[in-house]
Amino acid sequence: MTTLLLLALSLQDAGGVQWYATWEQARAEAKRLDRPIMLFSAAPHCHGVSGLW
Amino acid sequence: MIKASRAFVCVRPLTYESKEEAEFLISLFKGREGTLENTVFGLLDSDGKTALSRIARTPKMIYGGSGKEEIAKLAEAMKKAAGKGKEEPRELPLVVDLRRALNVAACDGLPLAVLSGDDDQKLADLVWSDAFVGRFTVVKVSKEEKLDAIKGADAGAALLVVAPGAYGLDGTVLSQARDAAGFRDALESALKKFEPIEKDPGRHIQEGRRAGVEWKTEIPDSDPGPVKGPKRP
């Protein structure tokens, strides 16, 4: 999944996207911090093999 | 896009790993066969309900473009949607458990910070700092948790920073800290040592299957797979 690979890209000096991993925590943080949400669910396996989105 | 993401709460629920999250995701977007597909994407307001974009499988399906152009279009949309927000310390962004955290870190090609104990906010302040943001996957474990999957783990460490194996089923310690005073040094040291594993997707899958790697999802994977062309007569 090209998009996910690009989103996972961590630039050497800048760092990548910092993801929350659960909807429950993200929803609470978004409300607390009054920030919009970018949601992108993904399965951490490809054809049943882990280690690849 | 990475810079634009800082104004957002970016969440990546693991598809097929939670029944409750699956129900939420499918309420946002039903796939081609009415089931939950393996990716769902969208921008939502801070209430977690109001959509700021269409919801689809990927940003490309909403904004168009391909590769870096897709990401640039997403960044533009995010800049327009971003409000001011409150400048308050963020919580530690935790993957739900060690098993999934090793896998997520492997997928992302990032080191995994494994916290034991109660210094969550001290680690959170570092993880969200300019020096470290977006450079670690994070998980918290209990002091009783077995760390057999992590080579070189000191059970008494407050923080382990781990290089995940290729399939995210195990890892190797890069650095560790006995208490919060050592967290910064442990993170810096790990980044200097860490070398992400380069993966060719086809080979990764082929070799994984040969090795018997089979990820067990919490709920059945309901993605119908690639779009099939019309049947030949």
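Here is the naming used below: chain letters follow the sequence lines, and residue numbers restart at 1 for every chain. Because the structure is predicted, anything quoted here is derived from the model rather than measured.
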May I ask you to name which of K31(A), E29(A), E24(A) has the most heavy-atom pairs under 4.5 Å with chain B? E29(A)
Return the minimal non-hydrogen interatomic distance between T39(B) and F40(A), and the atom names on each side. CB-CE2, 3.9 Å
Counting C-beta onward and ignoring hydrogens, is there a side-chain heavy-atom pair between V9(B) and R27(A) closer than 4.5 Å? no
Chain A contact via L28(B) - which portion, at a heavy-atom distance below 4.5 Å: side chain
Side-chain heavy atoms of L39(A) within contact of L25(B), under 4.5 Å: yes
I'd like to check L43(B) versus P36(A) (side-chain heavy atoms, cut-off strictly below 4.5 Å). Are they in contact? no
Counting heavy-atom pairs closer than 4.5 Å to chain A, which one of L94(B), V95(B), D45(B), V127(B) comes out on top? L94(B)
Contact class of L92(B) relative to chain A, heavy atoms under 4.5 angstrom: backbone
In Å, rounded to the nearest 0.5 Å, how long is the span from CE of M38(A) to OG of S5(B)? 6.0 Å
Tell me, for L52(B) versus chain A, whether the close heavy atoms (under 4.5 Å) come from the side chain, the backbone, both or neither. side chain
Segment of A7(B) engaging chain A (4.5 angstrom heavy-atom cut-off): both
Would you mind checking which part of F24(B) comes under 4.5 Å of any heavy atom in chain A, side chain (CB onward), backbone (N, CA, C, O), both or neither? side chain
Taking side chain as C-beta onward, heavy atoms only, is I37(A) less than 4.5 Å from F8(B)? no
Please state whether the side chain, the backbone, both or neither of T217(B) comes within less than 4.5 Å of a heavy atom of chain A. side chain
Give me the contact list for residues 204-213 of chain B versus chain A, heavy atoms only, anything under 4.5 Å, ordered by residue number. H204(B), I205(B), G208(B), R209(B), V213(B)
Side-chain touch F41(B)/S41(A), heavy atoms, less than 4.5 angstrom: no
Pairs touching residues 85-107 of chain B that satisfy salt bridge (Lys or Arg N to Asp or Glu O under 4.0 Å), sequence neighbours left out: R32(A)-E88(B), R35(A)-E87(B), E17(B)-R100(B), D97(B)-R100(B), R100(B)-E218(B)
Of all the heavy-atom pairs spanning P93(B) and W19(A), show the shortest one and how long it is. CB-O, 3.5 Å
Trace of the side-chain contact (heavy atoms from CB on, under 4.5 Å) decision for V17(A) with R12(B): CA-CA 10 Å; V17(A) 174; R12(B) 190 174 52 191; over 6 Å; no
ring-ring contact (aromatic ring centres under 6.0 Å, His included) against Y20(A), all qualifying residues, sequence neighbours excluded: W128(B)
Any luck finding a side-chain donor-acceptor pair between N38(B) and W53(A) under 3.5 Å? no
Heavy atoms only: give me the nearest W215(B)-H45(A) pair and the separation to one decimal. CD1-CD2, 3.6 Å
Got a sec, which residues hit side-chain hydrogen bond (donor to acceptor under 3.5 Å, both in side chains) with Q121(B), two or more places apart in sequence or on another chain? D125(B)
Least distance between heavy atoms, S46(B) atom then A30(A) atom: CB-O, 3.5 Å
